[in-house]
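Take a look at the structure below.
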Amino acid sequence: MQSNEAILANVEARGGVYVWEPEILTVAFMANVAIADADVLPLVGLRGVQQIALNAAELSLPAVAKVASTLGLQSLVLF
């Protein structure tokens with residue numbers, strides 16, 4: 001399993017952003033960042049993530065469902 005640091009470095013490498021502060025971890029791939037299933041599936045391994053926002057235009061329903069099952073996730077925003 002990858003650490004949060006490795007997963008978040010991958011997010012940045014693919015054009016995503018994140019906020020990781022003591023009480024919140026949020027990850028986002030904005031509307032102008034095209035992503036595929038392989039880009040978002042590692043997010044499931046994040047520990048402590050509370051919110052994920054994704055440009056879902058190119059994502060499959062199974063990938064979205066898998067991300068939605070991320071342990072501790074409170075909010076999944078799709079656009």
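Being a predicted model, the structure only gives us computed values, none of them experimental. These values consider heavy atoms only, across backbone and side chains, with no hydrogens, waters or symmetry-generated copies.
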Under the side-chain contact (heavy atoms from CB on, under 4.5 Å) rule, what do Ile52 and Thr26 come out as? Steps first, then yes or no, please.
CA-CA 6 Å; Ile52 297 174; Thr26 300; over 6 Å; no

Going through the distances and angles, do Val11 and Leu43 end up as a side-chain contact (heavy atoms from CB on, under 4.5 Å)?
CA-CA 9 Å; Val11 166; Leu43 300 179; 3.6 Å; yes

Contact between Asn4 and Leu25 at the side-chain level, heavy atoms closer than 4.5 Å - yes or no?
yes

Can you find a pair of side-chain heavy atoms, one from Leu54 and one from Phe79, that are under 4.5 Å apart?
no

Measuring from atom CD1 of Ile35 to atom CD of Glu58, what distance do you get when rounded to the nearest 0.5 angstrom?
9.5 Å

Audit row: Gln51, Val27, side-chain contact (heavy atoms from CB on, under 4.5 Å) steps and yes/no
CA-CA 6 Å; Gln51 181 178 37; Val27 176; over 6 Å; no

Close side-chain approach of Gln50 to Ser75, heavy-atom, < 4.5 Å
no

Go through Phe29 and Leu59 one step at a time and tell me if the side-chain contact (heavy atoms from CB on, under 4.5 Å) criterion holds.
CA-CA 12 Å; Phe29 284 98; Leu59 299 179; over 6 Å; no

Taking the side chain as every heavy atom from C-beta outward, state whether Leu71 and Arg47 have any atom pair closer than 4.5 Å.
yes

Do Thr70 and Leu76 have side chains that get closer than 4.5 Å, going by heavy atoms?
no

State, yes or no, whether a side-chain contact exists between Met30 and Val17 at a heavy-atom distance under 4.5 Å.
yes

Just by distance, do the side chain of Asp37 and the backbone of Ala63 share a donor-acceptor pair under 3.5 Å?
no

Same cluster or not: Ile24 versus Ile7, using hydrophobic residues (I, L, V, M, F, W, Y) connected whenever any side-chain heavy atoms lie under 4.5 Å apart?
no

